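See below for the structure under consideration.
Source: prediction; values computed, not measured. One-based numbering, in listed order, for ligands and for the atoms of each.
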Amino acid sequence: MKEKSTNILSIDPFYPEIDKIMEAAEIIKNGGTVAFPTETVYGLGANALEEAAVKSIYLAKGRPQDNPLIVHISSISQLEGLVEAIPQQAYILMEKFWPGPLTLIFRRTNKIPDIITGGLSTVAIRMPNHNIALELIRYSKLPIAAPSANTSGKPSPTNSSHVIHDLSGKIDMIIDGGSTGVGLESTVLDISGDVPTILRPGGITIEDLLTVLPKVEYDKAIEMTNTNIIPKSPGQKYKHYSPDAKMVIVRGNIEKIIQRTTELCREYEALGMNVGIMATKQTYEKYQNNNILIVGDRELPETIAANLFNVLREFDKIKVDIIIAEAVEEKGIGKAIMNRMKKAAGGKII
Ligand code: AMP
Ligand code: MG
């Protein structure tokens with residue numbers, strides 16, 4: 001691929017400078033690619049209605065063509081023409097959770113190019129809760145297709161340096177708008193069938209959804225225990241969020257986790273490996289290793305969500321051979337944290 005000159009533009013995340021937004025919007029209108037912050041992770045955006053523009057997203061990321069993209073909008077009226085129908089439940093969900101980290105799956109129209117949906121008859125749409133993202137969509141006057149702005153397979157980017165590391169020279173512009181808030185991707189919810197089904201756990205939890213819906217299920221493939229089940233969300237079948245190092249997750253009560261992590265650390269070190277420990281505020285003082293990174297506070301799991309991808313990338317920088325990561329409880333946002341950690345570890349849980 002021919003090297004591009006990537007313009008890096010700093011924009012205020014709370015009060016975006018409109019002249020700068022217009023410069024970025026011009027690139028989108030002309031079929032270019034712009035990485036921008038959202039409240040979940042950084043996205044790599046292009047005009048969702050132009051096939052060639054969307055193609056350059058897949059190229060820059062090295063993303064498999066059958067892994068569909070999420071279309072980002074800034075107002076509910078933009079749904080018109082993009083989706084076949086808006087189910088009643090969608091109105092309730094949009095009212096409660098948009099703008100926010102909830103992606104809804106709708107039946108699509110032909111206006112959406114096949115390349116976005118990997119040929120599926122549905123399309124994923126969300127309204128991000130971030131002023132830069134919203135203004136960029138508004139000033140482009142276009143729906144913007146945007147997957148996470150990382151090299152396919154790597155941890156998603158939660159600040160502009162992650163994007164620069166992965167995509168500099170491959171896209172037209174990177175907007176630096178500071179660190180993202182949630183730190184994990186949106187929840188993907190399929191409302192095209194009878195029972196709303198979570199295809200990917202994310203920023204909005206099942207507990208949140210159940211405050212407005214009578215019933216919500218998880219797609220069976222999310223648990224990754226039965227590999228015969230084909231996930232309804234094509235992206236869930238790929239290797240994901242992977243640091244360079246191997247990773248194992250240690251699960252159990254906190255005493256057990258500390259004990260097992262300490263033992264494992266010794267075993268790996270005896271094999272001559274450089275070991276990293278992904279610890280929490282409550283546990284890090286119990287370990288003696290040189291490469292301990294604190295991912296967050298067990299009492300405030302949203303701090304772990306916000307830091308997880310950054311910590312995985314930090315372990316790559318210090319070049320550990322193996323990461324021993326402490327599991328968190330799989331409730332609330334913990335469900336999404338563990339989903340990403342299990343994928344990063346290729347399912348290896350002790
Ligand atoms: P990313 O944008 O990198 O966070 O990935 C988008 C996620 O949304 C992937 O896991 C996709 O498989 C999923 N997705 C996008 N469109 C659809 C769709 N029409 N049906 C099911 N899943 C989808
Ligand atoms: Mg992604």
With atoms numbered from 1 as shown, which atoms in ligand 1 lie under 4.0 angstrom from a non-hydrogen atom of [X]?
| X | answer |
| --- | --- |
| L199 | 21 (C) |
| L120 | 18 (C), 19 (N), 20 (N) |
| N67 | 9 (C), 11 (C), 12 (O) |
| R200 | 1 (P), 4 (O), 5 (O), 6 (C), 7 (C) |

Show me, pair by pair, the donor-acceptor contacts under 3.5 angstrom made by side chains of residues 9-17, not counting sequence neighbours?
| unit_1 | atom_1 | unit_2 | atom_2 | d |
| --- | --- | --- | --- | --- |
| D12 | OD1 | F14 | N | 2.8 |
| D12 | OD1 | Y15 | N | 3.0 |
| E17 | OE1 | D12 | N | 3.0 |

For this session: Mind telling me whether F36 and H72 have parallel, tilted or perpendicular rings, with 30° and 60° as the class edges?
Result: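 Ring orientation, 0 to 90° scale: perpendicular.
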Exercise. Is the shortest distance from a Lys or Arg side-chain nitrogen in R266 or E269 to a carboxylate oxygen in the other one below 4.0 Å?
Worked result: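 No, no charged N to carboxylate O under 4.0 Å.
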For this session: Answer yes when R126 and E39 have at least one side-chain N-carboxylate O distance shorter than 4.0 Å, and no when they do not.
Result: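 Yes, this pair counts.
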Exercise. Going by distance only, is there an N or O of T122 that falls short of 3.5 Å from an N or O of ligand 1?
Worked result: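 By distance alone, the answer is yes.
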Problem set entry | salt bridge (charged side-chain N to carboxylate O under 4.0 Å, His left out) partner of D166, chosen from K61, R313, K154 |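 The residue from K61, R313, K154 that satisfies salt bridge (charged side-chain N to carboxylate O under 4.0 Å, His left out) with D166 turns out to be R313.
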Exercise. Counting heavy atoms only, which of H72, R63, R107 comes nearest to atom 6 (C) of ligand 1?
Worked result: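 Minimum heavy-atom distance to atom 6 (C) of ligand 1 goes to R63.
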Exercise. Is the NZ or CZ atom of K246 both under 6.0 Å from the centre of the six-membered ring of Y268 and within 45° of that ring's axis?
Worked result: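 No, K246 does not sit over the ring of Y268.
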For this session: Tell me, please, if S156 has any N/O/S atom, main chain or side chain, under 2.8 Å from the Mg ion (ligand 2)?
Result: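 No, outside the cut-off.
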